[in-house]
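One structure is given here, and the rest of the page talks about it.
In what follows, every heavy atom counts, from backbone to side chain, and hydrogens, waters and symmetry copies are set aside. Residues take their numbers from the sequence shown, with the count starting at 1. Note that the coordinates shown come from a computational prediction; the quantities given were computed from them, not determined experimentally.
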Amino acid sequence: MLETAAQTYPQDAIYICGHSGAKFDVLVEHGDLLFFRDYLSGLLEHVSQRIAAGDSRETIVALDNLPGFPDFHQPTPNRMAMNLGAAYD
């Protein structure tokens, strides 16, 4: 869906996010949209690899932050476990 939005709308389009974090605005641009797409892809890939390696759900959701995306999760509250759990489920 994010890829489709990025291809459908002009490069200078402004997107309104449903929520954001301390380091992100609710208004984002084309590159931000693609970066979030990459984060979601990385999250799903990480969980798939960990499942294939035989890790339990509990072990998988214990990750504090996804490598390559240090600004996505703040120390409090860290929603990484929730995101990993959703990807696992």
* Atom pair NE2 (His30) and OH (Tyr9), whose distance is rounded to the nearest 0.5 Å -> 13.5 Å
* Asked: Are any of the side-chain heavy atoms of Glu3 and Leu34 separated by less than 4.5 Å?
  -> yes
* Met80 side chain reached by Leu43 side chain, heavy atoms, under 4.5 Å -> yes
* Structure fact -> Heavy atoms of Leu66 and Gly42 approach each other most closely as CD2-C, 3.7 Å
* More than 12 heavy atoms of other groups within 6.0 Å of Glu29 CD -> no
* Structure fact -> Looking only at heavy atoms, the pair that brings Pro70 and Asn65 closest together is O-ND2, 3.1 Å
* Structure fact -> Between Leu2 and Leu33 the two heavy atoms that sit nearest each other are CD2-CD1, 3.5 Å
* CD1 of Ile14: more than 12 outside heavy atoms within 6.0 angstrom? -> yes
* Return yes if some donor-acceptor pair links the side-chain N/O of Asp55 with the main-chain N/O of Ile60 below 3.5 Å, else return no. => no
* **Asn83 vs Tyr39 side-chain heavy atoms within contact, under 4.5 Å** => yes
* What is the distance from atom SG of Cys17 to atom CG of Leu27, rounded to the nearest 0.5 Å? -> 8.0 Å
* Asked: Can you tell me how far CD of Glu45 sits from CZ of Arg50, rounded to the nearest 0.5 angstrom?
  -> 11.0 Å
* **Cluster overlap Val61 with Ile51, hydrophobic side-chain contacts below 4.5 Å** => yes
* Structure fact -> Taking every heavy atom of Leu63 against every heavy atom of His46, the minimum-distance pair comes out as CD2-NE2, 3.6 Å
* To do: Can you label the angle between the Phe35 ring and the Phe69 ring as parallel, tilted or perpendicular, going by 30° and 60°?
  => tilted
* **Single-linkage hydrophobic cluster, 4.5 Å side-chain cutoff, Leu40 and Tyr88 together** => yes
* **Distance (rounded to the nearest 0.5 Å) between Arg37 CZ and Thr4 OG1** => 10.5 Å
